[in-house]
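Just so you know, these numbers use all the heavy atoms, side chains as well, and skip hydrogens, waters and symmetry mates. Proteins get letters first, then strands, A, B, ... in listed order; numbering begins at 1 in each.
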Protein chains: 2
Amino acid sequence: MGAERTESVERALSILTAFSIRRPRMTLAELAAETGLHKSTILRLTRSLAVYGFIDRDTEGRFSVGASIWHLGLIFRQDFDTGETIRPVLRELVQLTGETASFFVRAGSDRVCLYRENSPILEKYGVEEGMRLRLGTGASGLVLRRYSGEVLPDLTPFNANGTVSLDATRNPNIASISTPVFSSTGAFRGALTVSGLNSRFTASVRDRFLADVEASARKLGQQMG
Amino acid sequence: MGAERTESVERALSILTAFSIRRPRMTLAELAAETGLHKSTILRLTRSLAVYGFIDRDTEGRFSVGASIWHLGLIFRQDFDTGETIRPVLRELVQLTGETASFFVRAGSDRVCLYRENSPILEKYGVEEGMRLRLGTGASGLVLRRYSGEVLPDLTPFNANGTVSLDATRNPNIASISTPVFSSTGAFRGALTVSGLNSRFTASVRDRFLADVEASARKLGQQMG
DNA sequence: CCATGGCGTTCTCTCAGGCGAAACGATGCT
DNA sequence: AGCATCGTTTCGCCTGAGAGAACGCCATGG
């Protein structure tokens, strides 16, 4: 039977995803350690990545992400949403709840925070726009997994609208409520999430927030082609 | 001898680069036509691209760029330059010359406009931030090719500082002056370019602009690690 | 001075796995 | 019904990707 996937391509992509905000430049040996690939393999793959401008190499031989990625990133953003749609909704949600509002999409087995509006009263707690996190078992992770086609063994965290409300997932002090956003054509676009210190998420407050998030998600979905 | 490069990886990358601002979503058949690859090949490769979140597929089967690209794009930008360095220099150059200033980097056999400040008097003429263009034979293309290691057959367009001043290259009415930017460590970072209607680029004006661009490039280089 | 170790690069052999033709099934258009 | 277009699957052939070691090149230091 023909291969379902392509090994060398996935290895090349694992090289790309080895880079992070904290480590934007790596030597060959570092990349090998990070990816578990043989150095010769990395050399071969990065040569091809470099030809297409997906990876650069400086004079000291260190690798970094190439400009083609940036160009493609802009294509992604303009196709997905320029921010003109999502950001106002997030801001409104912050006003309504006083908490932090974010919009996540799935990227492979991770989730990426596309947009985020921070609560005015709460200092940031680690998540920023563009950040990449494991899907995990948090509220937004569950939403992303369910509505991007995964079959989950347990659907009890979800209410009838597909919303998940959880305490203390990624961060032990943080509660979050996440709901799916569907475009007007019914396609799943991402997870709209409100999160904050769980000390403020009492039962009644939580109910109000949940309604707010679901209302915002509906509104947002209408605006997304 | 071992393969210098990896064919399947380059095919996968050619799929990614097939997307553009104008065509951010494509069907399988369109992708096949655009890349020249067999449909079965595209299916196999895109499966792997999707696993890593580099490509998405909507419910109607159309492909689009995935969120992993966006995440990597932010890594690229924060590593390369957040814009805090380059943009002020561009603005100053616009003030000095009254023309449009841009900063290009190389991405494979293309050039990408990372930053651009448009002349206040001239309407835009097609190039925008994030745009991808062939390297070609324009001023910035020549600079990028020479200082990213290519051996050019003819170096007469370059002055002693590596600057190129040309008329009517990409656009028959546009003249441009481009000079390399080197970081304080001597590494080549990109091409700083001033361009505008060639009717305004008289000999004396051109000399002044050239000095301005070179001065800005030196200043910019100092600030770039 | 020459070990020693870490680094990037190159080579070669082998076999997994990528390739593409072709067939298939679904949908839509006339 | 008939034809065209599209996406998907299958499968045998053979290329080309991968592992691993060897090589050369600095450093560092004993």
- Query: Between A/D154 and A/T156, is any side-chain donor less than 3.5 angstrom from a side-chain acceptor?
  - Reply: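 Yes, because at least one side-chain N or O of A/D154 sits under 3.5 Å from a partner of the opposite role on A/T156.
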- Side-chain donor-acceptor pair under 3.5 Å between B/T193 and B/S178, yes or no?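 There is such a pair (donor and acceptor under 3.5 Å, judged by atom type) between the side chains of B/T193 and B/S178.
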- Message: Using modelled atom types and a 3.5 Å cut-off, is there a donor and acceptor pairing between side-chain atoms of A/T17 and backbone atoms of A/S14?
- Response: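 At least one qualifying donor-acceptor pair exists.
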- Donor-acceptor contact below 3.5 Å, side chain B/R145 vs main chain B/S109: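 No, B/R145 side chain to B/S109 backbone: no donor-acceptor pair under 3.5 Å.
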Taking only the side-chain nitrogens and oxygens of [X], find out if one of them lies under 4.0 Å from OP1 or OP2 of [N].
X: A/R44; N: D/dA17; result: no
X: B/T41; N: C/dG20; result: yes
X: B/H38; N: C/dC19; result: no

- Message: Testing A/T85, A/I75, A/L114 one by one against A/F80 for a side chain to side chain contact (heavy atoms under 4.5 Å, CB included), which residue passes?
- Response: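 So, applying the side chain to side chain contact (heavy atoms under 4.5 Å, CB included) to A/F80 and each of A/T85, A/I75, A/L114, only A/L114 qualifies.
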Atom [atom1] of [X] and atom [atom2] of [N]: how far apart are they, to the nearest Å?
X: B/L37; N: C/dG20; atom1: CG; atom2: P; value: 8 Å
X: A/L45; N: C/dG18; atom1: CG; atom2: P; value: 12 Å
X: A/R5; N: D/dT9; atom1: CZ; atom2: P; value: 15 Å
X: B/I42; N: D/dT8; atom1: CD1; atom2: P; value: 12 Å
X: A/E7; N: C/dG17; atom1: CD; atom2: C1'; value: 8 Å
X: B/D58; N: D/dC6; atom1: CG; atom2: C1'; value: 15 Å
X: B/L49; N: C/dG18; atom1: CG; atom2: C1'; value: 15 Å

- ring-ring contact (aromatic ring centres under 6.0 Å, His included) between A/F182 and A/Y147, intermediate numbers included: CA-CA 9 Å; A/F182 299 99; A/Y147 294 103; 5.4 Å; yes
- With the sugar-phosphate defined as primed atoms, P, OP1 and OP2, and the base as all remaining atoms, what B/S/- string results for nucleotides 3-9 of chain C, 5' to 3', for protein heavy atoms under 4.0 Å? ----SBB
- Message: Quick check for you: among C/dA21, D/dA17, C/dC19, whose closest atom lies nearest to any side-chain atom of A/S8?
- Response: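 Among C/dA21, D/dA17, C/dC19, the one nearest the side chain of A/S8 is D/dA17.
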- Item | Of A/R116, A/E128, A/E129, the residue whose pairing with A/S102 passes side-chain hydrogen bond (donor to acceptor under 3.5 Å, both in side chains) |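 The side-chain hydrogen bond (donor to acceptor under 3.5 Å, both in side chains) with A/S102 is passed solely by A/R116 among A/R116, A/E128, A/E129.
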- Which part of the nucleic acid does A/R11 contact within heavy-atom distance under 4.0 Å: base, sugar-phosphate only, or nothing?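 Contact class for A/R11: sugar-phosphate only.
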